[in-house]
Colleague: 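Encoded as structure tokens, here's the structure I'll be asking about.
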Amino acid sequence: MTGNRFSEAREFFVAAARHMDEHGWPRAGRAARWHLSSRIHALTMLPAAARQRSGGSVRVLTRYAFGRAR
């Protein structure tokens, strides 16, 4: 519930985007940079974090879900 897994996910998606770009697949790279399914998952976790009154978790999840794509 803390959202720590999303920092690892972000690193994975950044590496995947770089790999796709290197292979000449710009659309796949863009999809990896946006990682929408992972962002949506973070959004689904927000209500539970809010119910637990975990401000840190809410902050991490919100930042991940709405942060800019790299």
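All values derive from a computational prediction rather than experimental measurement.
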Colleague: Quick one: CZ on Arg33 to CZ on Arg18, what's the gap to the nearest 0.5 Å?
Modeller: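 The CZ atom of Arg33 sits 10.5 Å away from the CZ atom of Arg18.
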Colleague: Hey, is the main chain of Ala32 close enough, under 3.5 Å, to the side chain of His35 for a donor-acceptor pair?
Modeller: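 Yes; judged by distance alone, with no hydrogens or angles, the pair exists.
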Colleague: For the atom pair CG (Asp21) and CZ (Arg27), what is the distance rounded to the nearest 0.5 Å?
Modeller: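 That separation rounds to 13.5 Å.
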Colleague: Is it true that Met45 and Val58 fall in one hydrophobic cluster, defined by side-chain heavy atoms closer than 4.5 Å?
Modeller: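 Cluster IDs for Met45 and Val58 match.
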Colleague: Supply the atom-to-atom distance Leu61 CG to Leu43 CG, rounded to the nearest 0.5 angstrom.
Modeller: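 Going from CG on Leu61 over to CG on Leu43, the span is 8.5 Å.
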Colleague: Verify the cluster assignment for Phe13 and Phe66: are they in a single hydrophobic cluster under the rule of side-chain heavy atoms below 4.5 Å apart?
Modeller: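 Linked within one cluster.
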Colleague: If you round to the nearest 0.5 Å, how far is NE2 of His41 from CZ of Phe6?
Modeller: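 The CZ atom of Phe6 sits 4.5 Å away from the NE2 atom of His41.
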Colleague: To the closest 0.5 Å, what do you measure between CD (Glu8) and CZ (Arg5)?
Modeller: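 Rounded to the nearest 0.5 Å, the CD-CZ separation comes out at 10.0 Å.
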Colleague: So which heavy atom on Gly29 is nearest to which on Ala17, and how close?
Modeller: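 Taking Gly29 first and Ala17 second, the nearest heavy atoms are O-CB, 3.4 Å.
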Colleague: Are Phe12 and Met20 connected in a single hydrophobic cluster, I mean Ile/Leu/Val/Met/Phe/Trp/Tyr linked by side-chain heavy atoms less than 4.5 Å apart?
Modeller: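 No; Phe12 is not reachable from Met20 via cluster members.
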